[in-house]
Structures are given as C-alpha cells and as structure tokens.
Amino acid sequence: MKLASYNIRKAVGRDRRRDPGRVIEVINSLAADVVVLQEADRRLGQRPTALPRRMIEDHTDLIPAPLATNEVSLGWHGNAVLVRRGLAVTGVERFDLPSLEPRGAVAVEIEGRFRVTGAHLALMRRYRHQQLRELHRVLGDKALATVVMGDFNEWSLRAGMEELSRGFHLHAPGASYPTMRPVAHLDRFAFSHDLELTGSGVHATELARIASDHLPVWAEVRTTDAAASTLPSAAGARAARG
C-alpha cells in the first residue's frame, strides 16, 4: 500500500490564497491508497472543511473516512483520512491528546486488518511527549498492523520521539517544511513491527511548493512474512474498481 501524509494548511497556499482545487491536484498526483490530512478544517465556528466534500467526490478516487462529528467538517481536530475507493473502512476512532491547546488524533481501520492513525502534535516538546505516550497507550493493541503518520512538529532527528519508539519503527522521509526551502523533517511515519517499509519520499513538485507550507510525504509498506495475510490489497481494491 502507498500511504501519504499532507498538512494542507486549510488549503491556504504560499501565496496566501485559499485554493482547494490545487490541493486536490496535489493529492491526486500522490497516487496513494490512503492520505492522512492535517489542518483539513478551519479553526473557527463549527470548523468547516477546507476541502469541499463534493470536490473530493468529483475529482478524486478517494473517499473521506467518517470522522467528523458534525455536517460541515471533514475530520476531527483538523485530522482527516481519505481512503481509496474499493478499500472498506470498517472502524474509526478519535483520541483526545493532552495539550495546552485542543489536540486530537484519529484512527481508521481498513477492512478489519490494518489501522492508519493521523495526528498533528503540539508545538512544545513537553506536550508532544505526553501526546506520544497517549498514542502509544491507545494503540497498544498489536492485533492490527498500524501506521501513525502526520505532522509531528519535531525539528530534531535525534530526540523527541522516544515515547513512541518503544513499539514502533520511526521514519522521516525527508525535509518537508517550509516548502520553498525545506529544512525540517516535521512530517513523519511510525510503523508497527509487523510492517516493512519498502519506499518513501517527499513529494516536492512545483505545485506542492505553492499549495501549502508543508510538502506531502509518502511511504510504501508491506507486511512481514509473519503477518503476510493481514494487509489489505491495494491492487485488489484497484481491480474492484474496474
């Protein structure tokens, strides 16, 4: 499966224009089976989505997982998950994360065998440590192969992720922020030990450099031999679509 994580900054680009159409174009160019978004909803009022659902339906082959708790948001605490048509969403969860400001994470179960978790962590490391401990606690069930991905807001490649490293392999595909001159590896992945990373990268197209202040990151994963029957087949999902 190909997975991607993208902080879309509420569809406001480097030129300070809100343009969901170009964000959709970047998402399509990722050709991912699951896309986790951060800052998918605006902060004020009922937090309306920055990416209209109709636009996603009409212009992508992805479906939003049912994470919103109202009629206007796409996700929860700004975290949304788009899943390739043909892959069944069999469960969703929402987790409050401790912080000075409201933060949360979401988890989407795919075909009862694979779990994708999206998060956007705090700016201050002491709160990130608390949030990572909470994620480790709530995701401790090893019955499902699990990926945690999102904007971890951690600038260091040597410290800051220890609370999650006990149960997951950590991976930073490359510098993804800011888009014009990326220096920070803020957008990352954490894989349970029954998953193997087979490829990853930063999606640094010209459009992606304009559409948000973060570049998307992607990873391709497969199950290890011990768990070879657990991962849903992305190829099967594509075949089911005809």
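Please read all numbers here as calculations on a predicted model, not as lab measurements. FYI, the numbering just counts along the sequence from 1. Computed over heavy atoms, backbone and side chain alike; hydrogens, waters and symmetry mates excluded.
Pairs engaging residues 90-99 under the salt bridge (Lys or Arg N to Asp or Glu O under 4.0 Å) rule: none recorded [sequence neighbours left out].
The backbone N or O of V217 lies less than 3.5 Å from no partner atom in the side chain of S5, so there is not a single donor-acceptor pair. Remark: the backbone N or O of A122 is paired with a side-chain donor or acceptor of R128 at under 3.5 angstrom. Side-chain atoms of R209 come within 3.5 Å of backbone atoms of T179 as a donor-acceptor pair (strictly under, hydrogens ignored). Between the R42 side chain and the P48 main chain, no donor and acceptor come within less than 3.5 Å of each other. Within the 3.5 Å criterion, the main-chain N or O of A32 finds a donor-acceptor partner in the side chain of R84. Looking at N153, its side chain does come within 3.5 Å of a backbone N or O of L121 through a donor-acceptor pair. Between the side chain of R18 and the main chain of K10, a donor-acceptor pair closer than 3.5 Å is present. No side-chain donor-acceptor contact under 3.5 Å links S212 to the backbone of G13. Within the 3.5 Å criterion, the main-chain N or O of A159 finds a donor-acceptor partner in the side chain of S156. Judged by distance alone, with hydrogens and angles left aside, the side-chain atoms of D33 form a donor-acceptor pair with the main-chain N or O of K2 at under 3.5 Å.
Grouped with V183 in one hydrophobic cluster are W155, Y177, L186, the linkage being side-chain heavy-atom contacts under 4.5 Å among Ile, Leu, Val, Met, Phe, Trp and Tyr residues.
Here R14 pairs with nothing under the side-chain hydrogen bond (donor to acceptor under 3.5 Å, both in side chains) rule; sequence neighbours left out. Legend: residues meeting ring-ring contact (aromatic ring centres under 6.0 Å, His included) with H169, ordered by chain and number and at least two apart, are H193. Taking the ring-ring contact (aromatic ring centres under 6.0 Å, His included) definition, one finds that F152 meets it with nothing, sequence neighbours left out. Under the side chain to side chain contact (heavy atoms under 4.5 Å, CB included) criterion, R53 pairs with P64, A68, L74, sequence neighbours left out.
If you run side chain to side chain contact (heavy atoms under 4.5 Å, CB included) between L82 and each of I63, T60, D61, L37, only L37 comes through. Among T90, T117, V81, the one residue that satisfies the side chain to side chain contact (heavy atoms under 4.5 Å, CB included) test with V108 is V81.
Within a 6.0 Å sphere centred on CD of E196, other residues, nucleotides and ligands contribute more than 12 heavy atoms.
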